[in-house]
Amino acid sequence: LLDINMPRMNGLTLCEKLRSEGFDTPILMLTARDTLDDKVAGFNAGTDDYLVKPFEIEELLLRIRALARRKSAQATKLCVGDIELNVATRSATALGTPVRLTPTTFNLLEALMLASPDPVSQAALFQGIWGEESPGSSALRVHIHHLRKALAACGINDIIKTVPGYGFAIGNESSE
């Protein structure tokens, strides 16, 4: 939630800054500014929704839930901890070092980062990466191993967690 009238940096500037840095967290502009020009400026800055004060709390909650169900389509970068994934260039860095990824390990990392901090089921990973041509759970474990190894080569360890009986999650790491 951002207000246009915030101390130090106004909400429009902050929204533009977040979007330019690749953040895709949904943004709802909550403000007393109610002209069409104000709304246009908000959406041009990258907000996903715009709600004018005064408002009903139930409407705010409905809008927050709607935004939580979808991701902003404006992001080109994903960040989790010290890992940055550039979706547009299909590249990644960890602690500022380029990560060597195959197309499959890139897709795995992207799926995990999109869901972070929530885990992703093995079934969802199979479907999202291989579709109907699922190679089996051993192939998934091998690709997860390769992804962990590629991240470790850049100094990122223990960021990909196995969720027994379910799948995998990406979260806080221990750096060496």
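Atoms NE2 and NZ, from His143 and Lys149 in turn, are 14.0 Å apart once rounded to the nearest 0.5 Å. Taking CD of Glu59 as the reference point, atom CD1 of Ile64 lies at 11.0 Å (rounded to 0.5 Å). Atom OG of residue Ser20 and atom NZ of residue Lys77 lie 8.0 Å apart, to the nearest 0.5 angstrom. With rounding to the nearest 0.5 Å, the separation of CD1 in Ile160 from CG in Leu151 is 5.0 Å. To the nearest 0.5 Å, atoms CG (Leu147) and CG (Leu140) are separated by 10.5 Å. To the nearest 0.5 Å, atoms CD1 (Ile144) and CD (Gln122) are separated by 9.0 Å.
Within 6.0 Å of CD in Glu58 there are 12 or fewer heavy atoms belonging to other residues, nucleotides or ligands. For Arg90, the CZ atom sits in a packed shell: over 12 heavy atoms of surrounding residues, nucleotides or ligands are nearer than 6.0 Å.
Counting all heavy atoms, side chain and backbone alike, Gly171 lies closest to Val80 at O-CG1, 4.4 Å. Gly96 and Thr93 get closest at one heavy-atom pair: C-CB, 4.1 Å. Nearest approach of Ala45 to Cys15, heavy atoms of both residues: O-SG, 3.5 Å. Scanning all heavy atoms of the two residues, the minimum distance from Leu109 to Ile170 falls at CD1-CD1, 3.7 Å. The two residues Pro119 and Ala169 make their nearest non-hydrogen contact at CA-CB, 3.6 Å. Nearest heavy atoms, Leu101 versus Ala150: CD2-CB, 4.3 Å.
Cluster membership for Met29 and Met9, using ILVMFWY side-chain heavy atoms within less than 4.5 angstrom, is shared. Leu51 and Leu36 sit in two unconnected hydrophobic clusters of ILVMFWY residues. Membership requires side-chain heavy atoms under 4.5 Å apart, directly or through other members. Cluster annotation: Phe55 and Leu67 are assigned to the same hydrophobic cluster (Ile/Leu/Val/Met/Phe/Trp/Tyr, side-chain heavy-atom contacts under 4.5 Å, transitive). Hydrophobic clustering (ILVMFWY, side-chain heavy atoms < 4.5 Å, transitive): Tyr50 and Met6 are in one cluster. Phe43 and Leu12 fall within a single hydrophobic cluster, where Ile, Leu, Val, Met, Phe, Trp and Tyr are joined by side-chain heavy atoms under 4.5 Å apart, directly or via other members.
Of the possible donor and acceptor atoms, one in the side chain of Arg19 sits under 3.5 Å from a partner among the backbone N and O of Phe23. A distance-only check finds no donor-acceptor pair linking the side chain of Ser121 to the backbone of Gly167 [under 3.5 Å]. Counting only distance, with no hydrogens or angles, the side chain of Thr31 and the backbone of Val52 share no donor-acceptor pair below 3.5 Å. A side-chain donor-acceptor contact under 3.5 Å links Thr47 to the backbone of Asp49.
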Ser91 vs Asn86, side-chain contact (heavy atoms from CB on, under 4.5 Å): CA-CA, chis, key distance, verdict: CA-CA 5 Å; Ser91 62; Asn86 188 317; 3.7 Å; yes

Could you give me the CA-CA distance, side-chain angles and deciding distance for Leu28 and Leu2, then say whether side-chain contact (heavy atoms from CB on, under 4.5 Å) is met? CA-CA 6 Å; Leu28 189 150; Leu2 296 178; over 6 Å; no

Residue pair Asp82, Ile156: steps toward the side-chain contact (heavy atoms from CB on, under 4.5 Å) verdict: CA-CA 8 Å; Asp82 292 318; Ile156 302 288; 3.8 Å; yes

Evaluate Phe168 against Val163 for side-chain contact (heavy atoms from CB on, under 4.5 Å), listing each step before the verdict. CA-CA 5 Å; Phe168 301 91; Val163 181; 5.9 Å; no

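Salt bridge Arg63/Asp48: absent, no basic N to carboxylate O contact under 4.0 Å. The pair Asp3-Lys53 counts as a salt bridge, with a side-chain nitrogen and a carboxylate oxygen less than 4.0 angstrom apart.
Residues Met113 and Ile83 meet the side-chain proximity criterion, which asks for heavy atoms closer than 4.5 Å. Considering only heavy atoms from C-beta on, Leu85 comes within 4.5 Å of Glu110 through its side chain.
Between the side chains of Asn5 and Arg33, a donor-acceptor pair is found at a separation under 3.5 Å. A donor-acceptor contact closer than 3.5 angstrom is absent between the side chains of Asn107 and Thr104.
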